[in-house]
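Numbers here are sequence positions counted from 1. Both counts, for ligands and for their atoms, begin at 1 and track the order of listing.
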Amino acid sequence: MEFDVKDLNLSADGKKKIEWAQADMPVLKGIMEEFSKKKPLEGATVGACLHVTSETANLAIALKAGGAKVSLCASNPLSTQDEVAASLAKDYGISVFAVKGEDNDTYYRHINSVLDCRPQVSMDDGADLISSVHSKRRELIPDILGGTEETTTGVIRLKSMEKNGVLEYPIIAVNEAKTKHFFDNRYGTGQSTIDGILRATNVLLAGKKFVVLGYGWCGKGVAMRARGMGAHVIVLEIDPLKAIEAKMDGFEVMHSSQAAQVGEIFLSVTGNLKVIGENILSKCRDNAIVANSGHFDAEIDLNYLKKNSTGVKKVRPFVEQYQMKDGRKINILAEGRLVNLGAAEGHPASVMDMSFANQALSVKYIFEKSSLLEKKVYAVPAEIDKNIAALKLASMGITIDTLTKEQEDYLNAWELGT
Ligand code: ADE
């Protein structure tokens, strides 16, 4: 079995981490047990490009239990947990190609190593694997039954491929599942982003002016949690509807030119590029902290910083301080990459439980139903989504009410009036 990890000797720590995460992933564990018995993925080859964390490890283990041959590479050069990668390779027989801090060439070499396993199902978080298939490894397309995509940014890229008629196989957009984005994007990104900022800087959030750029599900989560820590949260949006929502949720909403003057911490989660660009970087106060939790590092205009600074030094792990020509200092966290995975450990297992339950069941769905699927981006089937919600609730020991027959009839009746 091939693999490329930092150091196999880290595996004992990795195994403990994987087991620790598993204890908080009851839905995925249930799926794994079911997969072990029924082997729905017998003979399948799965290639995954996901953040190599202890939670992803449990997903890979579940797929393997279902009979799949799994190979895994990182979906971001900075998000790999090296001890987890070592344990996956050594203890679980999974072909992992991932090293934290790998350079761009290694990142793409690792994607190619996964593709060399000739996957029938591709799994992405950000669409780099599928983009490589479509641009450089087209010979693999005839064997691919379908793929899954984990994140908003990836789904946007894939929908654009579908619209332009270039998507070559069906995709299940896991991000679109309610049991994914309502929880992972909001509570997962909310908590793990604050965790990443605090681990990197150890700053006090209470009383800080904390600017959140983007008020999607992730931005909502970050704003909510930053407020919970006592920060004064300012939201920037380009969508009038979301801007009103942020205002009515009790946050200050303003234009970037105003926020640039007052913000002390800036955090982007938009999925777009140069969101924190000259508009903010040219004006923000001395010693501002700037981070990103969107999928790509393009959200912060690092080129602007490079051009307008006299130098950059590492002042703490995951903090690079740019000395600007005008005398100010600007601190960039985790090289502008996802701060929650670069400087912390990503979302907690409990929330990834639902996201990865969707992934596991979507892979099974593709394997079983690919002949019925077209070259389109599909939502996760509603039954899968609802079933995961029910299983998660049950795992929390919560039972809820159901409609009585009379209530059901009432809801279905149109004749009844005042
Ligand atoms: N994305 C965000 N958090 C994650 C985690 N803990 N594992 C895998 N992917 C993630």
Lys/Arg cation over aromatic Phe251: Arg227, 6.0 Å, 45° cone: yes
Between Thr53 and His51: side-chain donor-acceptor atoms closer than 3.5 Å: no
Gln323 side chain to Ser309 side chain, donor-acceptor N/O pair below 3.5 angstrom: no
Residue and atom name of the nearest protein heavy atom (relative to atom 10 (C) of ligand 1), distance in Å to one decimal: Met352 CE, 3.6 Å
Flag side-chain contact, heavy atom, 4.5 Å: Val262 against Ile234: yes
Per-atom contacts of ligand 1 with Gly346, taking only distances under 4.0 Å to non-hydrogen atoms: 3 (N), 6 (N)
Qualifying residue for salt bridge (charged side-chain N to carboxylate O under 4.0 Å, His left out) with Glu264, from Lys209, Arg285, Lys208: Arg285
Atom indices of ligand 1 within 4.0 angstrom of Glu345 heavy atoms, with elements: 6 (N)
Atom 3 (N) of ligand 1: nearest protein contact (heavy atom, Å): His347 N, 2.8 Å
Ligand 1 atoms in contact with Thr56 (distance to a heavy atom under 4.0 Å): 7 (N), 8 (C)
Part of Leu341 within contact of ligand 1 (heavy atoms, under 4.0 Å): side chain
Cation-pi check, Lys17 onto Trp20 ring (under 6.0 Å, within 45° of axis): no
Any N or O of Thr53 closer than 3.5 Å to N or O of ligand 1: yes
Option nearest atom 9 (N) of ligand 1 (shortest heavy-atom distance, choices His51, Glu55, Gln81): His51
